[in-house]
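What follows is a short report on a single structure.
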Amino acid sequence: MNDNKKRLKNPDKLKAINPSGATDQNFFDQVFEITRQIPKGRVTSYGAIAKCIGTGKSARLVGWAMNGSGKAKPKVPAHRVVNSIGVLSGKLAFKTPTLMEELLAKEGVKVKNDKVVDFKKVFWNPMEEL
DNA sequence: GAAATGACGTAAG
DNA sequence: ACTTACGCCATTT
């Protein structure tokens, strides 16, 4: 497929995030924007972000969007985003499988067995903070 | 265009 | 706590 019929407002910017040039950059933009608001030492979940944006059930898309976080500018602290139970499900997508854990530990978030320790305590809710 | 894939989520066994 | 199953939606093949 890959038809160019889809509306591409900012091909350039979008290209930086999504090489194939696809869906509204809007979605990615919002995901990144929220992710950048996550305070140091705190984490949030894909579902929470999805809900905050409004897509709600598209938590998967948030994760997919994070896939492009490495190319996004400014960079997005994707390491502060975990799944609903606090597992570092995306650590394999980083340059090194241990990078995510390292970054979190550096910020004061302890990780044990690929899980965030005291997840409920360090959880940051975009709905409440924004 | 149908089928498969995925950094998810929730429910159920 | 772990596994299975289903729903969700954009991307990819």
Side-chain angles (χ1 to χ4, degrees):
Chain A
M1 299 205 287
N2 269 344
D3 288 334
N4 297 346
K5 292 181 180 179
K6 306 180 182 181
R7 18 194 185 49
L8 298 171
K9 287 186 176 181
N10 305 337
D12 302 353
K13 198 173 182 183
L14 181 59
K15 193 177 177 185
I17 303 169
N18 193 351
S20 302
T23 290
D24 307 310
Q25 172 239 5
N26 195 346
F27 180 78
F28 289 81
D29 213 10
Q30 294 187 75
V31 173
F32 294 150
E33 208 176 311
I34 293 174
T35 305
R36 279 193 281 260
Q37 306 309 308
I38 304 175
K40 175 191 168 195
R42 307 287 296 280
V43 297
T44 193
S45 71
Y46 304 92
I49 295 173
K51 259 187 181 182
C52 189
I53 295 175
T55 53
K57 301 155 192 170
S58 312
R60 277 186 131 133
L61 280 306
V62 177
W64 191 88
M66 283 302 158
N67 216 338
S69 62
K71 309 168 194 166
K73 299 164 190 122
K75 292 212 171 174
V76 177
H79 58 277
R80 295 181 184 148
V81 184
V82 296
N83 67 3
S84 58
I85 62 174
V87 173
L88 282 57
S89 45
K91 68 173 197 171
L92 294 173
F94 285 76
K95 290 172 189 134
T96 63
T98 56
L99 181 59
M100 186 173 186
E101 187 174 331
E102 297 274 331
L103 290 170
L104 286 173
K106 211 181 219 176
E107 296 183 352
V109 179
K110 292 169 187 169
V111 177
K112 190 84 175 181
N113 208 359
D114 292 351
K115 269 186 320 192
V116 174
V117 179
D118 293 329
F119 176 58
K120 288 181 96 175
K121 293 180 185 175
V122 296
F123 179 77
W124 177 79
N125 191 332
M127 306 293 270
E128 295 177 357
E129 304 293 335
L130 301 180

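Residue numbers begin at 1 in each chain, while the letters A, B, ... track the order of the sequences.
Every pair passing salt bridge (charged side-chain N to carboxylate O under 4.0 Å, His left out) that includes a residue from residues 99-111 of chain A is listed here, sequence neighbours excluded: A/Arg80-A/Glu107. Applying the salt bridge (charged side-chain N to carboxylate O under 4.0 Å, His left out) test to every pair with at least one member in residues 88-97 of chain A, sequence neighbours left out, gives these pairs: A/Lys91-A/Asp114.
Hydrophobic side-chain contacts under 4.5 Å tie A/Ile85 into a cluster, directly or through other members, with A/Val87.
With sequence neighbours left out, A/Phe94 forms a ring pair (Phe, Tyr, Trp, His ring centres under 6.0 Å) with no residue at all. With sequence neighbours left out, the side chain to side chain contact (heavy atoms under 4.5 Å, CB included) criterion links A/Pro39 to A/Arg42, A/Trp124.
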Each nucleotide of nucleotides 6-13 of chain B classed B (base within 4.0 Å of a protein heavy atom), S (only sugar-phosphate) or -, in 5' to 3' order, makes BBBSS---

